> 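Once you've had a glance at the structure underneath, I'll fire off some questions.
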There are 2 protein chains.
Amino acid sequence: MAERGDLGWLLGASLRAYMEGAERAVAPIPFGYKGYMVLSAVRRFCPGTQLELGRRLAIDKTVMTHVIDALEEAGLVTRRPGPADRRARRVALTAAGEEALQAAVERLAAEERRLLGGVPVAVRDQLVEGLTYLAEKGGSGPECGEVSDCSVS
Amino acid sequence: MAERGDLGWLLGASLRAYMEGAERAVAPIPFGYKGYMVLSAVRRFCPGTQLELGRRLAIDKTVMTHVIDALEEAGLVTRRPGPADRRARRVALTAAGEEALQAAVERLAAEERRLLGGVPVAVRDQLVEGLTYLAEKGGSGPECGEVSDCSVS
DNA sequence: TATTGTTATACTCTATAACTATA
DNA sequence: TATAGTTATAGAGTATAACAATA
């Protein structure tokens, strides 16, 4: 934010610009973009306990409780005790959750296209490449393994 | 943040990664990176009223009051009524402020070099180009004119 | 009356601590 | 004893509203 051109300012301003549209795009989902992130991670990492979801998304477990409370109340996810460990609750998308997520993904993609419209594809690719590098340099969940199987009931 | 690879997640995670080092780099300055931004903008836009500083940095005027209070108390800036309009207070760097800013700029540059160390220069350039485009698409102060003269007393 | 800046207050977001229920 | 999750509470950070001084 300081001198425009500083990496910090650029990242902050870019994030603000992105979020402005993103929050609008995912609007119906409780907790906005954060709620969308959780829905998205639930689909991707399937059963996923809340703690695991939190680790992957860098969201505190207490925050996760509130978000999932809201998503459950809105009928977008279910929360059931795990079969092996009844403490670890399995979060899963409902049909309505799948729909809401799919709709959000589409509106978000449209928003990204709008936002990146004027950026040449080559620049865009290297933008993503650079950001991916930076993101991985941070401590956000380097210990997350890959997804195993995935068959929602 | 949702699916790693999403632009939103990438921007958020990159900003976190950057800020981790940046806050450490500017540590002695009150209000951390925000304080650094203000110092930096004061040097760049010289006299600058508080309101103008806030507009340029997307910082609320009430927040600006607190930040400048702290910077003034730390002896890094002075705050005097403007000659033409005594409501609009002119903020200026002290010698100590110049020093603190210069030191922070250097540590920050080192931190950026460390963070971007593994990124090829071509990618880095296009990363900055892409971010600059995104940042300007946002509403953060498009109505800010350029700097006029600048001679601190 | 409008504007700069301050103060006090309220709100949002997040983290900490204490608790429960399982293991 | 340790862990998953919940609840209540406290803490940043930010914004809103009312105010003082000046224009």
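Treat the numbers as computed from the prediction; the structure is a model and nothing was measured.
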> Could you tell me the separation between the CD atom of A/E72 and the P atom of D/dG5, rounded to a whole number of Å?
13 Å
> Strictly under 4.0 angstrom, non-hydrogen atoms only: write out the protein contact profile of nucleotides 18-23 of chain C, one letter per nucleotide from the 5' end, B, S or -.
---BBS
> Check for a donor-acceptor pair, side chain of A/Y36 on one end and backbone N or O of A/I29 on the other, with a separation under 3.5 Å.
no
> Round to the nearest Å and state the distance from A/I59 atom CD1 to D/dG5 atom C1'.
16 Å
> Treating A/T94 as the side-chain partner and A/L76 as the backbone partner, does any N or O pair qualify as donor plus acceptor under 3.5 Å?
yes
> Are the side chain of A/Q126 and the backbone N or O of B/R124 linked by a donor-acceptor pair below 3.5 Å?
no
> How many Å lie between OH on A/Y33 and P on C/dT14, as a whole number?
14 Å
> Indicate yes or no: at least one non-hydrogen side-chain atom of A/F31 is less than 4.5 angstrom from one of A/L71.
no
> Would you say D/dA4 has OP1 or OP2 under 4.0 Å from some side-chain N or O of A/R79?
no
> Give a yes or no answer on whether the side chain of B/R79 reaches the backbone of B/E72 with a donor-acceptor pair at less than 3.5 Å.
no
> Among C/dG5, D/dA8, C/dT14, find the nucleotide with the atom closest to the side chain of B/L51.
C/dG5
> Flag the pair B/L131 / A/L7 as yes when at least one side-chain heavy-atom distance between them is below 4.5 Å, and no otherwise.
yes
> Grab the CZ-P distance between B/R80 and D/dT22 for me, whole Å please.
17 Å
> For D/dT6 and A/R89 - does any side-chain N or O of the residue sit under 4.0 Å from the phosphate oxygens OP1/OP2?
yes
> Between B/R56 and B/E52, is the salt bridge (charged side-chain N to carboxylate O under 4.0 Å, His left out) condition met? List the steps.
CA-CA 6 Å; B/R56 287 188 187 277; B/E52 185 200 340; 3.2 Å; yes
> Rounded off to whole Å, could you give me the CZ-to-P distance for the A/R90 and D/dA4 pair?
12 Å
> Pick the nucleotide of DNA chain D nearest each of A/T65 and B/D60; which residue has the one closer to the 5' end?
A/T65
> May I have the distance from A/Q50 (atom CD) to D/dT7 (atom C1'), rounded to whole angstrom?
13 Å
> Pick out the pairs of N or O atoms, protein on one side and nucleotides 9-11 of chain C on the other, that lie under 3.5 Å.
none

> Take the protein atom CG of B/D69 and the nucleotide atom P of C/dT6, then report the distance between them rounded to whole Å.
6 Å
> Do A/E106 and A/Q102 have side-chain atoms, one donor and one acceptor, less than 3.5 Å apart?
yes
> Any side-chain to backbone donor/acceptor pair from A/D6 onto A/G8? Under 3.5 Å, distance only.
no
> Rounded to the nearest angstrom, tell me the gap between atom CD1 in B/I68 and atom C1' in C/dT4.
12 Å
